[in-house]
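Residue numbers start at 1 and run along the sequence shown. Predicted, not measured: the structure shown is a model, and the values here were computed from it.
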Amino acid sequence: MISVIVPTYNERENLEELVSRISKALESYGFEIVIVDDDSPDKTWEKAQELAQNYPVRVIRRTKEKGLSSAVIRGFKEAKGDIFVVMDADLQHPPEVIPRLIEAIESGADIAIGSRYVKGGKVENWYWWRKLISKGAIMIGRVALPKIRNIKDPVSGFFALRREVVENVELNPVGFKILLEILIKGKYSKVVEIPYTFGLRKSGESKLSQKQIFNYLRHLYRLMKWEGEIDRLIKFSIVGMSGIVVNQFFLWLFVEKVFGNGLESYMLANILATELAILNNFTWNDLWTFKDLKNKPLYKRLFSFHLAALSGAFVQWVIFGVLVYLGIHYLIANLIGIGFSFIVRFLVNRHITWG
Ligand code: GDD
Ligand code: MN
């Protein structure tokens, strides 16, 4: 049995076509359509109740709660099927694709994502800058949350999953990227992406236009925290600070006790002190920050850690140059450069050294 969960808010005009196309597509399955409406002013719930006379539709009219994610979570609670499908009501998600999502689940996937960004998928009628923002936002998510780094469309609103993936899982209803929440907190092992074309809205207008980016970033932050990535970030910066102490100490030691004062001596002492700081940081990050992620052999981790340090230094240098060129004070430019270098080093290490 398939439960198709459809959150709605002012979708009255789309409902009839949606329900009839879903029913046609799922002809050969046992299915129900669970419509979760937030007491829409256009009386979507009323239209849904009307359709329930001729189709296997169930209507949940919520009067106290609001929001896309919480509506979907409510749908999960009410659904009776073993496979859940989540989709929008506005026909941007073509019902004819649902059988492909279900087949993917039947052949072993736990989650099947309707994806705009795998080969064969696309978005209709978006300006290049909209695509850029969408893809940029997804890229930030994939980089911030290594668990989903191989997923091309982790914010899709169109997907199918086995009941067990979300059963007894505490999902946070804040934000509207419910799939992201499921991909981080759900119980699953195999995910596949099925291409589809994200069409045009049939009738009415999008509810998710403003505040999107900011909410999305907040959601990412919460998930990073949940995943322990924020803890890693903090540990990584503490280790980084210990590296500064090590670097200064050995620079002093080499100059004062070994090579003496003078330009050549400084330059050599600087290289040695930097290398010792790198080794110090590597050791602590290996034993502490990323202790659970030693998947690569030691020599590879060491090599890649040096690579990260080098890329960080390069980024710092380039940003410094650009900002100074733009007229920003060199000390401020350096601080900004250091900030970017920190992020680059963390990410290279998180995804490659301890990836
Ligand atoms: N119950 C309820 N409550 N439903 C809502 C609410 C709400 O507060 N807000 C929106 N919906 C319903 C809409 O009625 C529609 O069926 C669906 O959620 C998606 O809303 P749209 O307003 O059409 O969103 P969009 O087209 O901008 O974005 C969609 O597609 C993106 C790409 O797949 C959403 O599914 C996004 O989450 C998704 O990233
Ligand atoms: Mn839409």
Test log, rule salt bridge (Lys or Arg N to Asp or Glu O under 4.0 Å), inputs K187 and E164: CA-CA 7 Å; K187 297 180 206 144; E164 296 75 33; over 6 Å; no

Verdict with supporting geometry, T44 and N14, side chain to side chain contact (heavy atoms under 4.5 Å, CB included): CA-CA 9 Å; T44 305; N14 294 317; over 6 Å; no

Derivation of the ring pair (Phe, Tyr, Trp, His ring centres under 6.0 Å) call for F282 and W354: CA-CA 11 Å; F282 175 81; W354 289 280; 5.6 Å; yes

Residue pair R62, D38: steps toward the salt bridge (Lys or Arg N to Asp or Glu O under 4.0 Å) verdict: CA-CA 5 Å; R62 304 196 304 169; D38 290 353; 2.8 Å; yes

Steps toward salt bridge (Lys or Arg N to Asp or Glu O under 4.0 Å) verdict (R12, E46): CA-CA 9 Å; R12 189 187 179 92; E46 191 186 68; 3.5 Å; yes

Worked check of side chain to side chain contact (heavy atoms under 4.5 Å, CB included) between Y196 and R116: CA-CA 6 Å; Y196 82 100; R116 296 164 288 177; 3.8 Å; yes

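Under the rule for a salt bridge (Lys or Arg N to Asp or Glu O under 4.0 Å), E13 has no partner lying at least two apart in sequence or in another chain. For R130, the side-chain contact (heavy atoms from CB on, under 4.5 Å) partners at least two apart in sequence or on another chain are W126. Residues satisfying the salt bridge (Lys or Arg N to Asp or Glu O under 4.0 Å) test with R232, not counting sequence neighbours, are E229, D292.
Scanning both residues, R142 and I148, for their nearest heavy atoms gives CG-O, 3.7 Å. Smallest separation of non-hydrogen atoms from D286 and K294: O-CE, 2.9 Å.
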Under 3.5 Å donor-acceptor pairs involving side-chain atoms of residues 167-175, not counting sequence neighbours:
unit_1 : atom_1 : unit_2 : atom_2 : d
E167   : OE2    : R163   : NH1    : 3.0
N172   : OD1    : V174   : N      : 3.0

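Note on D90 versus K202: no salt bridge recorded, every NZ/NE/NH1/NH2 to OD/OE distance being 4.0 Å or above. Ion pairing between a basic and an acidic side chain is recognised when a charged N comes within 4.0 Å of a carboxylate O; R222 and E181 show no such pairing. A salt bridge is defined here as a Lys NZ or Arg NE, NH1 or NH2 lying under 4.0 Å from an Asp or Glu carboxylate O, and R201 with E11 meets this definition.
Put simply, CG on L18 and OH on Y55 are 10.5 Å apart, with the number rounded to the nearest 0.5 Å. Here the CD-NZ distance, from Q49 to K43, works out to 11.5 Å after rounding to the nearest 0.5 Å. Here the CG-NZ distance, from N295 to K300, works out to 11.5 Å after rounding to the nearest 0.5 Å.
Panel note: side chain D110, backbone K190; a donor-acceptor pair is recorded below 3.5 Å. In terms of modelled atom types and a separation under 3.5 Å, the side chain of N349 and the main chain of R345 share a donor-acceptor contact.
Just one of F76, F31, F159 meets the ring pair (Phe, Tyr, Trp, His ring centres under 6.0 Å) condition when paired with F84; it is F76.
For T63 and D39, the side-chain atoms include no donor-acceptor pair closer than 3.5 Å. With 3.5 Å as the limit, one finds a donor-acceptor pair spanning the side chains of Y266 and N261.
Here Y330 sits in one hydrophobic cluster together with F320, V324, L331; the rule is ILVMFWY side chains under 4.5 Å apart, joined directly or through other members.
Contacts classified as salt bridge (charged side-chain N to carboxylate O under 4.0 Å, His left out) and involving residues 65-74 (residues at least two apart or in different chains) are given here: R74-E78.
Transitive grouping of hydrophobic side chains (ILVMFWY, heavy atoms separated by less than 4.5 Å) brings I140 and I133 into a common cluster. F259 and L253 fall within a single hydrophobic cluster, where Ile, Leu, Val, Met, Phe, Trp and Tyr side chains are chained together by heavy-atom contacts under 4.5 Å.
The aromatic rings of H93 and F158 sit parallel, their planes meeting at an angle under 30°, below the 60° perpendicular limit.
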